[in-house]
Novice: 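I have a structure I would like to understand better, so I am pasting it below and will then ask my questions one at a time.
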Protein chains: 2
Amino acid sequence: MEELNKKILLVEDDPNFGTVLKDYLMMNDYDVVHAKNGMEGFEKFKKDDFDLCILDVMMPYKDGFTLAKEIREKNKDVPIVFLTAKAMKEDVLKGYKVGADDYLNKPFDSEVLLMKIKAIMQRKATETISDSKQFEFKIGSFDLNSKLRFLRYKGGEPVKLSPKENELLRLLALHENDLMPRQLALTKIWRDDNYFTSRSMDVYIAKLRKYLKLDEKVEILNIHGEGFRLVVNN
Amino acid sequence: MEELNKKILLVEDDPNFGTVLKDYLMMNDYDVVHAKNGMEGFEKFKKDDFDLCILDVMMPYKDGFTLAKEIREKNKDVPIVFLTAKAMKEDVLKGYKVGADDYLNKPFDSEVLLMKIKAIMQRKATETISDSKQFEFKIGSFDLNSKLRFLRYKGGEPVKLSPKENELLRLLALHENDLMPRQLALTKIWRDDNYFTSRSMDVYIAKLRKYLKLDEKVEILNIHGEGFRLVVNN
DNA sequence: CTAGCTTTTAACCTTACATTAACAAAAATG
DNA sequence: CATTTTTGTTAATGTAAGGTTAAAAGCTAG
């Protein structure tokens, strides 16, 4: 049972409200990471890939706008929604300047928030990903197309990859000849790190090795206790 | 210096408010056509190409939602913003279902409206450049005329396509050889995304495959969990 | 109102996937 | 070198997604 829920970063200093909102979102099948202030929010943002950020504007130390700016520096695309208690015009305008996708005045209806989240996600999904470079890799005599999820050997018939196979091989390719730490794959792909996910990953390594056998110059080496290494000899 | 301003259709039955809003928008370099009710709004919409529609929800005879639906039938892409006096949850949800781009509660700040308009226009600008005006496609030995809704094999007798068949095939053709995400079709064509619409789409995929069987070089491949891919082999 | 088309829903079946189990082999540990 | 830990690999299992056809429900023009 594979769950690929959308991940939301919620930064809200009011613990009550924050917890309630978090629970509500999680009840609606979102993975939510809750940060209690701007600093923490930015730390958590850097550590993970989020599909959406919900930021409270009024927070001590680092307000939502400042945080948004920092987030924008790291990621120009992630949607940002602001929450604010007062409907100050200047705030709204400031928010849009920073690249907000939407704006909600507290108190707001939770269903409306859900709807907006959905709308925003759909919008993002619509924006066609044209930079194919990120998704194409040469691995020895193989071509990996990570968007279309296939692996082709010397221009022959492409083999279809499952989502997990694909992401794992992509991650290995991104670290070609270098160590790809277990942890990394587990957190990025499996979003969890326990005995079973780890074993699951080993199973996928075995599958990938089978595919890659066609080119004896390509292999996946294990670095005991550390992770794996995709090497291309020549 | 000849400017080609963005064109806005404003449908608002309150003459005072409507006029004020119209003037304000025109002061900000938009061309505004003001209709006093739903009927008139639709007439004017048909007569011209607009970049944005601003619709009051509460209008006699024909409310904003009904009008929006009619507009959507003619044009699936034009952004729609609703204005409403009361912030009724049901209304907001209904609005998003019809494909609203945004929602404003009266009284609202005019600068905020401007900001939203700008944001929406920008979004559409990046989104719909390539998609917009393409209605004829060659798909292997087929010709698809998406305006007249027919599909012809090797210059033979054209087959008529239903609206949904047509839009789906068009969307696939726009992404020929590339991934056409499920989400995209569901939001663009069905404007909703749930189990049933998804299944409905699968039914249409089956129908299209039947049509396309005539040319064995053309096929619709599934990418599990992602979407479909119209490929033309040679 | 209904004939004829379109779309959705239902049903049933197949395929694709991810996880878990089971057992074997390496590597580390001490 | 015996034992524990980690990894390699294959197979079994359960579930979700997709393929397909048919029936039901919606529409719309006469």
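Proteins come first, then strands; the chains are lettered A, B, ... in the order of their sequence lines, and each starts at number 1.
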Novice: Can we say A/Asp143 and A/Lys138 salt-bridge, meaning some charged N sits less than 4.0 Å from an Asp/Glu carboxylate O?
Specialist: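 Counted as a salt bridge, because a side-chain N and a carboxylate O are separated by less than 4.0 Å.
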
Novice: Please report the distance, rounded to the nearest Å, between CG in B/Asp202 and C1' in D/dT21.
Specialist: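 Nearest whole value for this atom pair: 13 Å.
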
Novice: Is A/Arg170 positioned over the aromatic face of A/Phe137, cation under 6.0 angstrom from the ring centre and no more than 45 degrees off axis?
Specialist: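 Judged by the rule (NZ or CZ under 6.0 Å from the ring centre, within 45° of its axis), A/Arg170 is not positioned above A/Phe137.
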
Novice: Side chain of B/Tyr204 only, heavy atoms from C-beta on: which candidate in D/dG19, C/dA18, C/dT6 is closest?
Specialist: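 Closest of the options to the side chain of B/Tyr204: C/dT6.
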
Novice: Establish, with yes or no, whether the OP1 or OP2 oxygen of D/dT20 is under 4.0 angstrom from a side-chain nitrogen or oxygen of B/Lys210.
Specialist: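 It does not, given that no N or O in the side chain of B/Lys210 lies less than 4.0 Å from OP1 or OP2 of D/dT20.
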
Novice: D/dA17 P sits how many Å from B/Leu221 CG, rounded?
Specialist: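 Atom-to-atom, B/Leu221 to D/dA17, this comes out as 20 Å.
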
Novice: Which nucleotide sits closest to the side chain of B/Pro163: C/dC17, C/dT6, D/dT21?
Specialist: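 The answer is C/dT6.
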
Novice: Measure CZ/A/Arg149 against C1'/D/dG18 and give the value in whole Å, please.
Specialist: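 Rounded to whole Å, this separation is 13 Å.
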
Novice: Output the rounded distance in Å from CG (A/Leu212) to C1' (D/dG8).
Specialist: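 These atoms are roughly 15 Å apart.
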
Novice: Nearest whole angstrom, please: distance from the P of D/dT5 to the CG of A/Asn194.
Specialist: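 Checked: the CG to P distance equals 17 Å.
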
Novice: Within the pair A/Ser162 and C/dA18, is there a side-chain N or O less than 4.0 Å away from OP1 or OP2?
Specialist: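 Checking C/dA18 against A/Ser162, a side-chain N or O does come within under 4.0 Å of OP1 or OP2.
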
Novice: Can you identify which nucleotide, out of D/dA11, C/dT7, D/dG19, has its nearest atom closest to the B/Arg209 side chain?
Specialist: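 Side chain of B/Arg209 sits closest to D/dG19.
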
Novice: Given atom CD1 of A/Ile205 and atom P of C/dA25, what is their separation to the nearest angstrom?
Specialist: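 A/Ile205 atom CD1 is separated from C/dA25 atom P by 21 Å.
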
Novice: Side chain of A/Val203, heavy atoms from C-beta onward: which of D/dA22, D/dT9, C/dC17 has the nearest atom to it?
Specialist: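 Minimum distance to the A/Val203 side chain belongs to D/dT9.
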
Novice: At under 4.0 Å between heavy atoms, what does B/Tyr195 touch on the DNA or RNA strands: base, sugar-phosphate, or nothing?
Specialist: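 No contact at all - B/Tyr195 keeps every heavy atom at 4.0 Å or more from the nucleic acid.
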
Novice: Does B/Lys207 or B/His224 map to a spot on DNA chain C nearer the 5' end, using the closest nucleotide for each?
Specialist: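 In this pair, the answer is B/Lys207.
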
Novice: Does a distance-only test, which skips hydrogens and angles, find a donor-acceptor pair under 3.5 Å between the side chain of B/Arg182 and the base of D/dG18?
Specialist: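 Check fails, no donor-acceptor contact within cut-off.
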
Novice: If the cut-off is 4.0 Å, is B/Ser200 near the phosphate of C/dT8, judged by side-chain N/O to OP1 or OP2?
Specialist: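 B/Ser200 to C/dT8 OP1/OP2: side-chain N or O found under 4.0 Å.
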
Novice: Using OP1 and OP2 only, check whether a side-chain N or O of A/Trp190 sits under 4.0 Å from C/dT19.
Specialist: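 So the side-chain polar atoms of A/Trp190 do come within 4.0 Å of the phosphate oxygens OP1 or OP2 of C/dT19, strictly under.
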
Novice: With sequence neighbours excluded, what pairs up with A/Tyr153 under the ring-ring contact (aromatic ring centres under 6.0 Å, His included) test?
Specialist: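 If we apply the ring-ring contact (aromatic ring centres under 6.0 Å, His included) test to A/Tyr153, skipping adjacent residues, the hits are A/Phe142.
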
Novice: Hey, which of these two, B/Lys160 or B/Phe196, hits DNA chain C nearer its 5' end, going by closest nucleotide?
Specialist: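 Nearest-nucleotide comparison on DNA chain C picks B/Lys160.
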
Novice: Starting from P on D/dT6, measure out to CZ on A/Arg199 and report it in whole angstrom.
Specialist: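 In whole Å, D/dT6 P and A/Arg199 CZ are 11 Å from each other.
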
Novice: Applying side chain to side chain contact (heavy atoms under 4.5 Å, CB included), name anything that partners B/Asp192, two or more places apart in sequence or on another chain.
Specialist: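 B/Lys97, B/Asn194, B/Thr197.
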
Novice: Atom OH of A/Tyr211 to atom P of D/dT9: distance rounded to whole Å?
Specialist: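 In whole Å, D/dT9 P lies 14 Å from A/Tyr211 OH.
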
Novice: Look at the rings of B/Phe45 and B/Phe50 and say which category their plane angle falls in: under 30° parallel, 30 to 60° tilted, over 60° perpendicular.
Specialist: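 Correct class here is parallel.
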
